Amino acid sequence: MQSTAAVSISASAIASGGGGARSDAARRPAGLRVCGALACSSLRISRAPARRAVARAAAAASANGAAAASGGFDYDLVIIGAGVGGHGAALHAVEQGLKTAIIEGDVVGGTCVNRGCVPSKALLAVSGRMRELHDEHHMKSLGLQVSSTGYDRQAVADHANNLASKIRSNLTNSMKALGVDILTGVGTIVGKQKVRYGKAGFPDKEITARNIIIATGSVPFVPKGIEIDGKTVFTSDHALKLESVPDWIAIVGSGYIGLEFSDVYTALGSEVTFVEALDQLMPGFDPEIAKLAQRVLINPRKIDYHTGVFASKVDAALIATGRAPFTKGLGLENINVVTQRGFVPVDERMQVMDADGNVVPNLYCIGDANGKLMLAHAASAQGISVVEQISGKDHILNHLSIPAACFTHPEISMVGLTEPQAREKADKEGFEVDVVKTSFKANTKALAENEGDGIAKMIYRPDTGEILGVHILGLHAADLIHEASNAIALGTRVQDIKFAVHAHPTLSEVLDELFKAAKVNSGVSHSVNEPVAA
Ligand SMILES: Cc1cc2nc3c(=O)[nH]c(=O)nc-3n(C[C@H](O)[C@H](O)[C@H](O)COP(=O)(O)OP(=O)(O)OC[C@H]3O[C@@H](n4cnc5c(N)ncnc54)[C@H](O)[C@@H]3O)c2cc1C
Ligand SMILES: NC(=O)c1ccc[n+]([C@@H]2O[C@H](COP(=O)([O-])OP(=O)(O)OC[C@H]3O[C@@H](n4cnc5c(N)ncnc54)[C@H](O)[C@@H]3O)[C@@H](O)[C@H]2O)c1
């Protein structure tokens with residue numbers, strides 16, 4: 001960390017508000033609407049007649065609450081925390097035929113649905129449209145005329161709130177429909193395979209479970225010395241309610257939350273000042289992408305910034321300085337588990353480790369509470385991975401294949417290593433890395449949209465063709481990254497993926513060109529497009 005000057009920011013400018021598993025899918029009725037981590041789809045399940053009979057019986061048993069857990073336990077699986085991590089685990093557990101309960105101490109959906117991904121993306125959808133409508137030059141170049149633009153702050157806030165409610169009820173209904181028992185109260189582990197739940201501090205109901213997953217998530221991290229009052233000094237929890245749009249706002253921290261909120265606030269007319277502790281903005285991103293992002297997302301907007309400034313006292317600001325695990329009151333001391341800065345220590349299988357470094361049998365922790373990767377889809381993927389294991393299939397999630405995206409306009413996305421991380425690994429392990437880049441400026445679809453700002457960058461091994469990292473800044477970068485993340489997850493090499501065909505004209509051709517630009521050492525064979533016998 002660089003120099004650490006404390007900063008004090010005046011409140012005056014902020015004040016003016018504006019505008020042994022049993023039958024699996026068995027329990028899921030055909031044609032049911034099912035919600036994954038963040039999306040719902042209609043599922044139709046076709047089964048052979050014999051399986052259908054078993055399925056009907058199990059579904060009936062489930063509907064009566066009669067399905068039994070194995071081994072004399074109340075449940076095969078109890079999940080503490082019904083955020084997206086817990087929800088993802090619960091759905092997969094039911095699919096595996098596990099009798100499952102989920103305990104929630106507040107509202108279903110946790111951070112992502114109620115105070116995170118969902119409402120923030122609703123606000124960002126508004127900011128994207130406002131930005132476009134306000135950009136007269138952009139509109140004119142498309143031949144469009146817009147006479148006036150404006151927004152209704154309360155209506156924008158309602159859009160975010162309504163979306164959160166809708167997704168929350170989708171998640172709740174999907175679990176109920178599949179036979180997950182939703183238990184209300186704060187969960188505490190009182191012993192091996194034993195959980196009590198109820199009023200915080202006074203849990204009065206006890207259940208046993210063969211396996212327990214901790215999925216209790218996180219809360220905003222607020223640096224020492226900063227007092228949150230929810231009005232002039234606040235976190236994303238408050239900002240997402242959009243109770244006001246200040247003329248000016250200081251944002252402490254230029255990570256995901258800071259950046260996304262700077263996009264929202266500047267689109268709605270605020271001026272923004274970033275205060276960032278490290279010596280460059282967006283320090284968590286690939287440095288080259290961060291530099292370009294500064295040129296596209298910061299410099300042309302009403303944003304100024306102070307880097308190398310560690311905020312320890314503020315009078316008016318959005319505090320976006322990271323998240324802290326929410327693991328208090330979980331009763332970990334009852335099973336000899338000591339948290340590390342609040343995070344639950346886990347191994348690569350999300351198995352909880354005790355104070356002596358041993359695995360605690362039948363206890364797992366997923367999502368923000370273990371701190372491996374604080375993203376909604378990572379939490380859910382970890383949950384699914386754990387359920388695979390407890391259903392008898394060993395599974396280790398490759399975290400380097402998990403994509404991330406920042407939903408600014410344009411978006412930033414990434415998967416795998418940054419260039420400095422890849423070079424460090426290459427130095428240690430003794431291999432070469434190469435980097436290729438392509439631009440949105442040469443992409444027909446991006447130019448048709450008049451959105452040519454952006455690049456894609458790939459870091460790879462020329463000796464093997466292994467993809468080490470891909471970073472994109474540009475239109476729909478968040479959607480584009482999945483071709484790269486799937487390639488990493490499936491171990492697809494550059495020399496193979498470069499022969500995959502992309503529709504024209506699409507933004508995906510930015511990645512097509514990227515793969516084709518890579519030079520893998522001759523002699524390394526490829527395996528796709530080999531003639532297949534008819
Ligand atoms: C503003 C913002 C925007 C974000 N945007 C994105 C995004 O676009 N994409 C993305 O991937 N991620 C995003 N994230 C991160 C994402 O929200 C988290 O990574 C994700 O919610 C973690 O899921 P989780 O299930 O681990 O925990 P949470 O979602 O925090 O859920 C934990 C649940 O456990 C409950 N709980 C806690 N303790 C107990 C207990 N003892 N007993 C019973 N219940 C308990 C809590 O009430 C909560 O409901 C965002 C976060 C924020 C703050
Ligand atoms: N689109 C998304 O996927 C998305 C969106 C929002 C949040 N999230 C998740 O939520 C988590 C929290 O987001 P975040 O933006 O709060 O955290 P972050 O870790 O992304 O960024 C925090 C920033 O604050 C800076 N900082 C910390 N203490 C400071 C201080 N005292 N003074 C000045 N600067 C300081 C850090 O250097 C860092 O740049 C992230 O880990 C992210 O995974 C994801």
Side-chain angles (χ1 to χ4, degrees), residues 1 4 6-7 37-38 79-89 102-121 123-124 183-189 195 197 200 203 214-226 235-237 239-240 251-261 274-278 280-285 306-312 314 317 319-331 365-371 373-380 382-383 402-408 411-413 478:
M1 192 164 293
T4 52
V7 69
L38 301 166
I79 303 160
I80 308 177
V84 286
H87 175 260
I102 194 162
I103 304 174
E104 174 53 55
D106 186 15
V107 281
V108 167
T111 305
C112 178
V113 174
N114 302 293
R115 302 171 294 278
C117 333
V118 173
S120 65
K121 265 75 260 178
L123 297 183
L124 280 154
L183 311 175
T184 303
V186 175
T188 303
I189 299 168
V195 178
Y197 69 98
I214 297 168
T216 51
S218 66
V219 292
F221 165 75
V222 178
K224 237 180 162 178
I226 295 179
T235 67
S236 54
D237 286 357
L240 286 167
I251 300 183
V252 183
S254 65
Y256 284 87
I257 294 180
L259 214 53
E260 289 187 348
F261 270 102
F274 269 117
V275 178
E276 169 55 53
L278 297 186
Q280 64 162 64
L281 289 176
M282 300 164 260
F285 295 74
H306 305 280
T307 53
V309 175
F310 187 88
S312 57
V314 294
I319 308 299
T321 48
R323 309 264 311 165
F326 189 68
T327 50
K328 249 178 147 175
L330 257 178
C365 176
I366 61 168
D368 283 9
N370 71 30
L373 193 53
M374 293 176 120
L375 294 171
H377 45 283
S380 182
Q382 289 173 357
I402 299 179
C406 191
F407 294 83
T408 43
E411 296 168 343
I412 308 172
S413 62

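Because the structure is predicted, anything quoted here is derived from the model rather than measured. Order of listing sets the numbers, starting from 1, for every ligand and every atom in it.
- Between A311 and ligand 2, a contact under 3.5 Å exists for at least one N or O pair.
- Less than 4.0 angstrom separates some heavy atom of F326 from each of these atoms of ligand 1: 37 (C), 38 (N).
- The closest approach between any non-hydrogen atom of G284 and ligand 2 is not below 4.0 Å.
- Atoms of ligand 1 lying under 4.0 Å from any heavy atom of G217, numbered from 1 in the order shown and given with element: 26 (O), 27 (O), 28 (P), 30 (O), 32 (C).
- Taking a cut-off of under 4.0 Å to the non-hydrogen atoms of G83, the atoms of ligand 1 that pass are 25 (O), 29 (O), 31 (O), 33 (C).
- Contacts between S120 and ligand 1 below 4.0 angstrom, taking non-hydrogen atoms only, involve the side chain exclusively.
- For the residues K224, K121, E276, the heavy atom positioned nearest atom 37 (O) of ligand 2 is part of E276.
- Of all atoms in ligand 2, listed by their number and element, those nearer than 4.0 Å to a heavy atom of V275 are 33 (C), 34 (N).
- Not a single heavy atom of A369 sits closer than 4.0 Å to an atom of ligand 1.
- Residue contact check for ligand 2: Q280 places no non-hydrogen atom closer than 4.0 Å to it.
- Here is the list of ligand 1 atoms found below 4.0 Å of a heavy atom in G85: 25 (O).
- Side chains of S380 and H87 form no contact here, defined as non-hydrogen atoms less than 4.5 Å apart.
- Residues satisfying the side chain to side chain donor-acceptor pair (under 3.5 Å) criterion with T216, sequence neighbours excluded, are absent altogether.
- Counting only heavy atoms from C-beta outward, the side chains of Q382 and N370 approach each other to under 4.5 Å.
- T184 has its side chain out of reach of E104: every pair of non-hydrogen atoms, C-beta onward, lies at least 4.5 Å apart.
- Taking only non-hydrogen atoms, the option from E411, R323, H377, M374 nearest to atom 41 (O) of ligand 2 is M374.
- Using a 4.0 Å heavy-atom cutoff, H87 is absent from the residues neighbouring ligand 1.
- From L375, atom CG reaches atom CG of D368 across 8.0 Å, with rounding to the nearest 0.5 Å.
- Distance check: L330 CG to I80 CD1 gives 5.5 Å after rounding to the nearest 0.5 Å.
- At least one heavy atom of S218 lies less than 4.0 angstrom from ligand 1.
- The parts of C112 lying near ligand 1 are both backbone and side chain, judged by heavy-atom distances below 4.0 Å.
- Smallest separation of non-hydrogen atoms from A320 and I257: CB-CG2, 3.7 Å.
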Evaluate side chain to side chain contact (heavy atoms under 4.5 Å, CB included) for S236 paired with F261, printing each intermediate quantity in order. CA-CA 9 Å; S236 54; F261 270 102; 3.9 Å; yes
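- The shortest N or O to N or O distance between A376 and ligand 1 is under 3.5 Å.
- For ligand 1, the polar-atom distance check against E104 finds a nitrogen or oxygen pair separated by under 3.5 Å.
- Under 4.0 Å from ligand 1, not a single heavy atom of Y256 appears.
- Residue-to-ligand polar distances keep P223 apart from ligand 2: every N/O pair is separated by 3.5 Å or more.
- In summary, the atoms of ligand 2 found under 4.0 Å from a heavy atom of L375, numbered by their order in the structure, are 3 (O), 43 (O), 44 (C).
- Under 4.0 angstrom from ligand 1, there are no non-hydrogen atoms of V113.
- Between the choices G81, A215, G329, P403, the shortest heavy-atom distance to atom 32 (C) of ligand 1 belongs to A215.
- Interface of R115 with ligand 1, defined as ligand atoms under 4.0 Å from a residue heavy atom, comprises 1 (C), 53 (C).
- The option from D368, N370, T111, L123 that lies nearest to atom 18 (C) of ligand 1, judged by heavy atoms, is D368.
- The distance from ligand 1 to the heavy atoms of S236 drops below 4.0 Å at these ligand atoms: 1 (C), 53 (C).
- Among K121, H377, E260, the residue whose heavy atom sits closest to atom 5 (N) of ligand 1 is K121.
- Taking all heavy atoms of A277, P283, A378 into account, the minimum distance to atom 35 (C) of ligand 2 is reached by A277.
- Here the options are D237, T235, V219, the test is side-chain contact (heavy atoms from CB on, under 4.5 Å), and the partner is R115; only D237 passes.
- Two residues are said to be in side-chain contact when any heavy atoms from C-beta on lie closer than 4.5 Å; T188 and V195 fail this criterion.
- For the pair V108/V113, no side-chain contact is recorded, criterion being any heavy-atom separation below 4.5 Å from C-beta on.
- The atoms of ligand 2 that sit less than 4.0 Å from any heavy atom of V252 are 32 (N), 33 (C).
- Checking only distances, G187 does come within under 3.5 Å of ligand 1, N or O to N or O.
- Heavy-atom contacts of I103 reach the following atoms of ligand 1: 43 (C), 44 (N) (cutoff under 4.0 Å).
- Within the structure, the closest approach of A239 to ligand 1 does not fall below 4.0 Å when heavy atoms are considered.
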>> side chain to side chain contact (heavy atoms under 4.5 Å, CB included), that's the test. Do S218 and M374 meet it? Break it down for me.
In response: CA-CA 9 Å; S218 66; M374 293 176 120; 3.8 Å; yes
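- Residue V107 approaches ligand 1 through these ligand atoms, each under 4.0 Å from one of its heavy atoms: 49 (O).
- At least one side-chain heavy atom of P283 sits less than 4.5 Å from a side-chain heavy atom of E276.
- Of the possible polar contacts, none joining the T327 side chain to the A369 backbone as a donor-acceptor pair under 3.5 Å is found.
- When side chains are defined from C-beta on, C406 counts as touching E260, because their heavy atoms get closer than 4.5 Å.
- Within the 4.0 Å heavy-atom shell around ligand 1 one does not find V219.
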- List the steps, then state whether side chain to side chain contact (heavy atoms under 4.5 Å, CB included) holds for S120 with L240. CA-CA 6 Å; S120 65; L240 286 167; 3.6 Å; yes
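- Two residues are said to be in side-chain contact when any heavy atoms from C-beta on lie closer than 4.5 Å; I214 and I189 meet this criterion.
- Neither the backbone nor the side chain of M282 has any atom closer than 4.0 Å to an atom of ligand 2 (non-hydrogen atoms only).
- In summary, the atoms of ligand 2 found under 4.0 Å from a heavy atom of F407, numbered by their order in the structure, are 1 (N).
- Residue V309 places a heavy atom under 4.0 Å from ligand 2.
- Among M374, Q382, K328, the residue whose heavy atom lies nearest to atom 15 (C) of ligand 1 is M374.
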Evaluate the criterion side chain to side chain contact (heavy atoms under 4.5 Å, CB included) for residue pair F274 and L281; output intermediate values, then yes/no.
CA-CA 8 Å; F274 269 117; L281 289 176; 4.1 Å; yes
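- When the heavy-atom distances from atom 38 (N) of ligand 1 to L375, V186, T216, V84 are ranked, the shortest goes to T216.
- Backbone and side-chain nitrogen or oxygen atoms of Y256 are examined, and one is located within less than 3.5 angstrom of a nitrogen or oxygen of ligand 2.
- By heavy-atom distance, the residue among G258, C117, A405 lying nearest atom 3 (O) of ligand 2 is A405.
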